[in-house]
Structure formats: structure tokens, C-alpha cells
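Read through the structure below, which is laid out as C-alpha cells, and then see the notes.
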Number of protein chains: 2
Amino acid sequence: MITLKEIAKMANVSSATVSKVINGKDKYISDATRKKILDIVEKEGYITNGIAKSLKMKNTKTIGIIIPDVMNLFFSELARGIEDAAEKKGYTVILCNSENKVSKTKKYIEILQEKMVDGIILTPPEKCDFNSIRPGRTPTILLDRDVDVETNEPSKIGRIFVNNTAGSYKATSHLLSKGCKEIAIISSDTQNKPSLERIQGYENALRDKGYVVNSDRKYLESYNIETGYNGVKSLLMDKRIDGLFCGNDLIAIGALKALRELNLSVPSDVKIVGFDDILLSRYLDPPLTTIKQPVYVMGEKAIEMLIALINDEQIDDLIILETLLIERDST
Amino acid sequence: MITLKEIAKMANVSSATVSKVINGKDKYISDATRKKILDIVEKEGYITNGIAKSLKMKNTKTIGIIIPDVMNLFFSELARGIEDAAEKKGYTVILCNSENKVSKTKKYIEILQEKMVDGIILTPPEKCDFNSIRPGRTPTILLDRDVDVETNEPSKIGRIFVNNTAGSYKATSHLLSKGCKEIAIISSDTQNKPSLERIQGYENALRDKGYVVNSDRKYLESYNIETGYNGVKSLLMDKRIDGLFCGNDLIAIGALKALRELNLSVPSDVKIVGFDDILLSRYLDPPLTTIKQPVYVMGEKAIEMLIALINDEQIDDLIILETLLIERDST
DNA sequence: GTTACCTGAGTAAACGATTAACTAATCAGT
DNA sequence: ACTGATTAGTTAATCGTTTACTCAGGTAAC
């Protein structure tokens, strides 16, 4: 690899001059010198050594994102939104899959700090208190899963979440407005805020309309397809149910499969609402009514907020985004 | 951030000694000194500055992956496989979405080279000749989409592909063995090797069994859901078709949707085989028979080969992986 | 004619780590 | 007592940039 110093030698100038020209700080450089340098740079195919530059400049223009799993459609959309926004701002993204494990999350945070990333975007593992993964001085955005952070938190922390309570309230109200009388919920039993809020919204909606919340209309396990499948099989064993709120779209996919096996048709026998609006939901049979999380926007906002933190700008360090009901044929 | 030099000062030793202890090259360091240093490191929460280390060591333990889009299930699986394998080998992954554009691909290659990645794993844009994106001296693995590379290629290039011809041959033969007589294909019309091979395998299978290849049984557009939908609507307009080979699973998803709308049932009226076996295929209605690409293995092999290239080890620089027919209910 | 500013460029330190080469002390063996 | 090997460290150069500071000559103003 050819270096700046070598370019300087070829052009018979100092390395300072070459640096200035390359970085456009060439107010006090003659046109002749500038051209001479640029020609050589071009001819030799010189590429800046970003590592040396980073060492001197104390930034890397790189951020890390830690998510449970890119294969999960929700997170792959998130990753894409983040990468797109980052690229536009001149940042590059290191991808880390935590598998929802605190241990892996901690390990990745350490690696990212060694790599001197300028910031981290982190979706914490489902069960995780913030103190156990505190990212030190690196600016960090906590995304998607709310976590208790002390108010006098010394680090640079931003938080971006979705209003889960309102989302599941919307979903349940929608089912009610479609005439459902016996509405069940299948969701995750993890004790973190988003999960609890999604259950809370469901319960609030029922209570507000004068219904009782019945604990044998709840099936709580995990945010995956199997849970949806098992949930329907278990809930519909002996009870009648005409409405189903699923904690996320994967659960809804499993639920649809189980309902088909039970020869129940959607939406005539049972109406279903999901949560997330992953890319696939509109191609299910029937296309799934769901609560859309503004995933791409989350990515953009996360980058925006993170860069503000990196640059020590004053910003609102908590954003709560609203969801949107997307009505399709499952209700 | 505390530096190695500061640790050295606190411990009253030279920075060389601290470096040796931290990196385990402490054969000639007394137990007392070692303990003293390690205690201070622990207490101060010292973290190595990886940038400085990289500058000196001339490696970054970072690789870049350039794929069209992580939101595409096939590539998110690939990304995951790569990241997993990389992490095990002590490498970190920079994620780049090229959107299938040559311009973005070129830009990312340049950025990755500035960041001094140790290697690149690249899925070239669909229409792309290799010379236009030549990654210079950075070791590179070309993944999934075969590209013509000159035999005297000076760069360190490895190639890993799937045997597409054999895969689509298997798919088509499977449809024939299930009794299909009128088999159509919906796939992509891009003029790259994988696309052409998938069509080729389909044609070969038909010819080998004595059927004629009929050009109005072909619908070629893109590898997406819409193509599948449009393809079925167009192919079934006036022709009878009892078997359908889809160039990938996304196409199959669209095709299933269109067939439902036409009140044709799968597999009794039309049998369908896809290609890729994305995570979702088994949850479709009906679960999709498909040609599984060994995606995770591709990721592992890619990392393995790339690290060999990085370390100048002698390896086979071309791997062609075989596919597997996964029979589900759509046939 | 002195002062002050502008222009065009060079010098050298700094960023934070690694490591080859060196020193100095101890020890075993003859 | 001398040699050679082993042990326990230090010194200082180096990786490839950026940039504060310096310098010299030209020009404009008073």
C-alpha cells in the first residue's frame, strides 16, 4: 500500500502539504502544487489509511449495532434502517448478534470499545438489567426494549422505544370494534417492559370496554412461531375464542398455521391481529392485520440521536414512537 | 480513556512490560510484576486501543461483507452465518447493503479498504463484471453469484457457489416424479450465471425425460414476491399447468398467493417447488417444497477460505456446494 | 521605512500500541 | 574465576496520519 509520505516524496513536497490537499484544507496551496499532488494520488491509486487517521483524529466513523439476531425479520429491517441512515451520515456499521444473551452482549460491547467505535446502538437481551452491561463512556442508544436507567446516569445514553401499551390497546380495540367478544392474547412471558406493556394494553382495552380479563385467555411463552402454534392449540382446546391478539407477527404466523389445522377460518371464525408488521405479514394467508412499528424510522432516529450524542450536542434523550394499525384481511 | 503508558507509570514499569503482560508474552516477567500490572489494569478498567494496535500490527481483525440487502431472508441468513463463523475466529463484521448497485458496491469496497479490513466477502450485484469492482489487494471471497474471473487474476480471490444447475434439475425432476406433465418456471431474467443455471437445470431435466421446453411456460422477471404473483397470473391465463418451479422462495410466496386467488389448490391442482429454503418456507400454506441452499455452511466456508487467504495459506480457491431437496406439502 | 497581513509551504510532535535490540543481574558448570 | 545461559526488565523506533507552529517572501498601509 502506498502511503501519504511516499506521495509527498514523489511530488517533492512535505507530507503536511499532501494531507492538506487531500483533505481540502488547501486554501494556502498553489494550484500547481495541488494539481501535481492530485495527479500522483490518482495515478498511484492512493487510499487513505483510515486506521492511522482514526488514531490521530480520535474517531473511527464506525458504530456498532448489537441485536439479538439479524435473521429475525424485525431486526433485519432495523439493521437495514440503521445502516442506510448511517451510510448517509458517513458512518459504517459493525454488526453483532447477541442471541439475546447477556454474556454475548457484554463481550460485544467490550470488542466494540476496543475497536473504538464512536457509538453503539443496542437492543438489550430480553432479561437484562442495564447495570450489568453498562457501556462505559461510549455513547449508546438503547433501542426497542426499554430498560430502567437511573436518572443520574453518567454515561451518554439515549433511548428510543415504541409505545407498546398504546399499540396493543389499538389492536385489542380493533378486534372489539370488529365484533369480537372473546379475545385471547398469545405473547411472551419475559418480564421486560415491552412485553409487560403489550399485555397491559390488551387488558386496558378490555377493561375500558367493560370486559373482564380472563387469565385462561392468555398464553405467554416467547416471541416465536412455535409459541403461536402451541398457543392456539392450547387456548382453543376447550374454550371458544373469536379474537386473537398476538404479541408479534411471528406468533401470528404460528397461530395461523394451527388454526388451519383446526379447520378454523380467519377471519370468519377467529380474527387475528399481530404486532410489528414484518415484511412478510402482507403475504400470509390471509394477509395479517397488524400493529406496525416504525422500524425504519427507528433506525433513522437512532442514528440521528447517536450522532448528536457523539458530537456532544444537546438533545432530547428519549423518543417514544407511535405505532400504526394496518388493517388487512385477518380481521 | 486510560492508556497503556499510564498503566505503566502507575506500576513503575515500562510500557513494554505492560504490553507483554497484557498479551501474555510474559515468560520473562516476574509473578510480582505481572500481578501488580494486572491489578491496576483491572482496577482502572483499561481497554486496549485497538486502533493503535491495528496500526502497528497491520491488521484489524475486521472483515467487510457486502450483500444486496439484509432484509432479504436469504442474505440475512448468510450474514448471520458469516458473523457467527467470524466471531468464533476472532473477527468482527462490517455490514454493507449494496442494493444490487454496482456504484454502491464500488463505494463500499473503497470505504472498507480505507478502514483497512483484513478481507471482504462480496455478493456481486446481479449485473456486474468483475473488473469494474476489482477490490485491489484486499483478499476477497466472491459468494453466491458466480462471476467470470480471469485465470491469471493477480488478487487474492476465492469463490464459493452453489450448484444451481443441479439444484433446479433436482427440483424439476421431483415435479416430474410427482406426475406433473406441464411444468412452468418463474424466475429472474438477469443475465448472470446463477440465474441462467437455474433455467438451464430446469430445461435439462425436461429434455432428459423427453419433454420439450416450451417458451410460453417461462416467466422471467426478478427474484421477488411480485414476480411470483404476476408470473402465475400471466402463465395461467389460458394455459394448463400442473407443476411450477420457482427460481427462489420469494417467487413461490407470490405464486402461492396468486394461486389462492385463482382458487387453485396446492398441491392437488398445481405442485410447487421453490429455491433457497428460507426460514419461512416451512410456515407457508402449504409448507413449501424447496431446494435448500446450505446458507449457513456457505458463511462458514467463506470465513474459512477468507482467513486462509488473509494468512497466505495455500487453499482451494473454488468451492461449489451442493443443494438439497426438502420435500414438504406443496408437491 | 516600519508594521502588519497574506500566501505557500515545511518541521516535528503526537495519537497508543508493539517489539527488536539491549542491559544487567543471577546462576550453573567447569 | 570465567563462560554461557537464563531471567527480568528497559529503550527507542515504528506504524501512517494530522496539525500547531514556524518561516520567508510579497504586498499594502501609514
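- For A:Lys53 and B:Glu114, the salt-bridge test fails: no basic side-chain N is under 4.0 Å from an acidic carboxylate O.
- Using modelled atom types, no side-chain atom of A:Lys104 and backbone atom of A:Pro68 make a donor-acceptor pair closer than 3.5 Å.
- Close to D:dT18, at under 4.0 Å from its OP1 or OP2, lies a side-chain N or O of A:Lys53.
- If you measure from atom CD1 of A:Ile37 to atom P of C:dA9, you get 8 Å, rounded to the nearest angstrom.
- Nucleic acid contact for B:Ser19: base, since at least one base atom lies under 4.0 Å from a heavy atom of the residue.
- Surrounding CD of B:Glu313 are more than 12 heavy atoms belonging to other residues, nucleotides or ligands, all under 6.0 Å away.
- Taking 4.0 Å as the cut-off between side-chain N and carboxylate O, A:Asp84 and A:Arg80 count as a salt-bridged pair.
- On a pure distance criterion of 3.5 Å, a polar donor-acceptor pair joins the side chain of A:Lys20 and the base of C:dG10.
- Put simply, the side chain of A:Lys56 and the base of D:dT17 share no donor and acceptor less than 3.5 Å apart.
- Between B:Asn23 and the phosphate of C:dT18, there is a side-chain N or O to OP1/OP2 separation shorter than 4.0 Å.
- Listed pair B:Tyr46 / C:dA17 meets the phosphate criterion, a side-chain N or O lying under 4.0 Å from OP1 or OP2.
- A:Thr33 comes within 4.0 angstrom of sugar-phosphate atoms only, judged by non-hydrogen atoms across all strands, and of no base.
- In this structure, the CG atom of B:Leu55 is 12 Å from the P atom of C:dT18, given to the nearest Å.
- Residue contacts shown for A:Asn12 are limited to sugar-phosphate atoms, with no base heavy atom under 4.0 Å away.
- Straight-line distance from the CG atom of B:Asn59 to the P atom of C:dT18: 11 Å, rounded to whole Å.
- A close approach under 4.0 Å does occur between a side-chain nitrogen or oxygen of B:Lys58 and OP1 or OP2 of D:dG16.
- Atoms CD1 (A:Ile47) and P (D:dG16) sit 14 Å apart, rounded to a whole Å.
- Put simply, CD1 on A:Ile29 is 12 Å from P on C:dT7, counting in whole angstrom units.
- The CE-P distance, from B:Met116 to D:dC15, rounds to 14 Å in whole Å.
- Within the structure, every side-chain polar atom (N or O) of A:Tyr28 is placed at least 4.0 Å from both OP1 and OP2 of C:dG8.
- Rounded to whole Å, atom P of D:dC15 lies 14 Å from atom CG of A:Leu4.
- Contact annotation: A:Ser30 side-chain N/O to C:dA9 OP1/OP2 distance is under 4.0 Å.
- In this structure, A:Lys61 contributes its side chain and A:Ser54 its backbone to no donor-acceptor pair below 3.5 Å.
- Contact check, B:Thr3 against C:dG16: no side-chain N or O comes under 4.0 Å of OP1 or OP2.
- C:dG16 atom P lies 8 Å from atom NZ of B:Lys5, rounded to whole Å.
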>> Under the criterion salt bridge (Lys or Arg N to Asp or Glu O under 4.0 Å), I'd like the reasoning laid out for B:Lys156 against B:Asp312: C-alpha separation, chi angles, the key distance, then a yes or no.
In response: CA-CA 9 Å; B:Lys156 292 180 172 191; B:Asp312 268 320; 2.8 Å; yes

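- Within 4.0 Å (heavy atoms only), B:Thr17 reaches at least one base atom of the nucleic acid.
- Where A:Arg34 and A:Ser15 meet DNA chain C, the nucleotide closest to each residue was compared, and A:Arg34 sits on the side nearer the 5' end.
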